[in-house]
Amino acid sequence: MTRAVIAVGANLGDRKATVTHAVREIAELDDVHLVAVSSFIETPAVTPDGVDESRPAYLNGVILIDTDLDADVLLDALNAIEDHHGRVRTERWGDRTLDLDIVDFGGQRRNTPRLVLPHPHAHEREFVLAPWLEVDKDAELSGRGRVEFVLAKLRGHL
C-alpha cells in the first residue's frame, strides 16, 4: 500500500458539511484505507496574486490514506468526488465548493501535465503543512525535507 496525503478544502456553500462528506467518500473508495484526519482550520483565500481577503475564507485540512490505487486512478476518484459536490473549474485558483489535492503519494516525484508530485505549492502553504504535521509528526515532503522544518522556515523561524 502507498501512503498518500490529500489536502481538503472548501470556500463555498456549507464548507463543514462538504469536507465532512468528502472525507467519508474518500474513505469509502475501494482500495483506500483512511489513516488520519487533521483538524480543519479557516484560512483566507489564496490567488495567484496572493491572499485575497475579499473572497470567502476556506476551511482546510489534510487526510492520510493508505491505498493500492495508483496516483492517476486516485486523482480520477478525487475529481469525481469534487464534481459530485459541484466543483466548477473555470478560474485557476478560483472559489470552489471542494478542492481535493494529492500533496504527496508515497514520496514519489513526477511532473506530468495532469499531476505534479509532490504538490508544487505544498511547501508554501501553512494550511497544508500544519494539518499534515498534526497527523504525522514524522512527515517528509519529497525534495524539501521534514515537514516540521519546512513549516518552521515558512513561518520565519529558521
Side-chain angles (χ1 to χ4, degrees), residues 1-41 43 45-48 58-148 150-151 154:
M1 292 197 112
T2 302
R3 173 69 46 93
V5 179
I6 301 170
V8 180
N11 79 328
L12 296 176
D14 186 342
R15 302 169 308 162
K16 185 175 182 180
T18 300
V19 298
T20 299
H21 289 129
V23 168
R24 185 173 353 154
E25 290 172 72
I26 294 167
E28 292 172 352
L29 291 170
D30 290 338
D31 297 318
V32 168
H33 171 74
L34 183 64
V35 175
V37 180
S38 75
S39 301
F40 280 80
I41 55 176
T43 62
V46 175
T47 69
Y58 274 84
L59 196 59
N60 286 302
V62 165
I63 66 170
L64 302 181
I65 64 168
D66 286 336
T67 184
D68 285 326
L69 302 175
D70 74 20
D72 290 305
V73 173
L74 178 60
L75 183 59
D76 288 340
L78 297 178
N79 288 163
I81 292 169
E82 288 175 329
D83 293 346
H84 172 78
H85 287 278
R87 169 78 186 261
V88 178
R89 291 170 175 80
T90 56
E91 176 186 359
R92 183 169 185 238
W93 294 9
D95 297 331
R96 49 201 91 138
T97 55
L98 181 62
D99 188 28
L100 302 172
D101 289 326
I102 302 173
V103 175
D104 183 78
F105 193 81
Q108 290 182 19
R109 296 185 67 138
R110 69 189 269 187
N111 188 345
T112 67
R114 187 158 183 257
L115 181 61
V116 178
L117 292 171
H119 189 285
H121 299 289
H123 69 284
E124 304 167 339
R125 306 268 167 76
E126 184 171 348
F127 60 81
V128 171
L129 298 172
W132 185 5
L133 190 58
E134 174 190 329
V135 294
D136 183 358
K137 300 296 183 206
D138 297 321
E140 291 203 25
L141 182 59
S142 182
R144 301 280 177 180
R146 291 181 55 88
V147 169
E148 67 180 311
V150 176
L151 181 59
L154 182 64

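If you're wondering where the values come from, they're calculated on a predicted model, not measured in any experiment.
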For this session: Considering non-hydrogen atoms only, spot the tightest contact between Ala130 and Leu151 and give its length.
Result: CA-CD2, 3.9 Å

Problem set entry | Pairwise side-chain contact, Tyr58 with Leu12, heavy-atom cut-off 4.5 Å (strictly under) | no

Exercise. What are the two closest non-hydrogen atoms of Met1 and Asp68, and how far apart are they?
Worked result: CG-OD1, 3.3 Å

Seminar exercise, completed: Rounding to 0.5 Å, atoms CD (Glu25) and CD1 (Ile81) come to a distance of 5.0 Å

Exercise. Sub-3.5 Å donor-acceptor pair from the side chain of His21 to the main-chain atoms of Ala17, do we have one?
Worked result: yes

Between side-chain atoms of residues 100-109 and protein atoms elsewhere (two or more places apart, or another chain), which donor-acceptor pairs fall under 3.5 Å?
from   : atom 1 : to     : atom 2 : distance (Å)
Asp104 : OD2    : Gly107 : N      : 3.2

Exercise. Is there a donor in the side chain of Asn60 and an acceptor in the side chain of Thr43, or the other way round, less than 3.5 Å apart?
Worked result: yes

Problem set entry | Ile6 side, atom CD1; Leu64 side, atom CG - distance, nearest 0.5 Å | 9.0 Å

Exercise. From Asp136 CG over to Arg146 CZ, what is the distance, rounded to the nearest 0.5 angstrom?
Worked result: 9.0 Å

Exercise. What closest approach, in Å, do Ala22 and Leu98 show between heavy atoms, and which atom pair accounts for it?
Worked result: CB-CD2, 3.7 Å

Seminar exercise, completed: Minimal heavy-atom distance between Val150 and Arg144, with the atoms involved, is CG2-O, 3.6 Å

Problem set entry | Closest approach of Pro118 to Ser142 (non-hydrogen atoms, all atoms of both residues) | CG-O, 3.4 Å

Expected list for residues 69-78: side-chain donor-acceptor pairs under 3.5 angstrom, two or more places apart:
from  : atom 1 : to     : atom 2 : distance (Å)
Asp70 : OD1    : Asp72  : N      : 3.1
Asp70 : OD1    : Val73  : N      : 2.8
Asp72 : OD1    : Arg110 : NH2    : 3.1
Asp72 : OD2    : Arg110 : NH2    : 2.9
Asp76 : OD1    : Arg114 : NH1    : 3.3
Asp76 : OD1    : Arg114 : NH2    : 2.3

Seminar exercise, completed: Shortest non-hydrogen pair, Gly61 vs Ser38, comes out as CA-OG, 3.4 Å

Exercise. With no hydrogens and no angle check, is any side-chain donor or acceptor of Asn11 less than 3.5 Å from a backbone partner on Arg96?
Worked result: yes

For this session: Could you tell me whether a side-chain N or O of Glu126 sits under 3.5 Å from a main-chain N or O of Leu154, the two making a donor and an acceptor?
Result: no

For this session: Decide yes or no for Phe127 and Val62: does some side-chain heavy atom of the first lie under 4.5 Å from some side-chain heavy atom of the second?
Result: no

Exercise. Taking atom CG of Asp66 and atom CZ of Arg3, what is their separation to the nearest 0.5 Å?
Worked result: 4.0 Å

Exercise. For the side-chain hydrogen bond (donor to acceptor under 3.5 Å, both in side chains) test, which of His119, His123, Glu124 pairs with His121?
Worked result: Glu124

Problem set entry | Test log, rule side-chain contact (heavy atoms from CB on, under 4.5 Å), inputs Leu141 and Trp132 | CA-CA 10 Å; Leu141 182 59; Trp132 185 5; 3.8 Å; yes

Exercise. Does some side-chain heavy atom of Leu34 sit less than 4.5 Å from a side-chain heavy atom of Glu28?
Worked result: no

For this session: Give, for atom OG1 of Thr18 and atom CD of Glu82, the distance between the pair rounded to the nearest 0.5 Å.
Result: 12.0 Å

For this session: Would you mind reporting whether Leu129 and Arg125 have side-chain heavy atoms less than 4.5 Å apart?
Result: no

Exercise. Do the non-hydrogen side-chain atoms of Asp138 and Glu140 ever get within less than 4.5 Å of each other?
Worked result: no

For this session: Just do the side-chain contact (heavy atoms from CB on, under 4.5 Å) check on Ile63 and Ile65 with the steps written out, would you?
Result: CA-CA 7 Å; Ile63 66 170; Ile65 64 168; 4.0 Å; yes

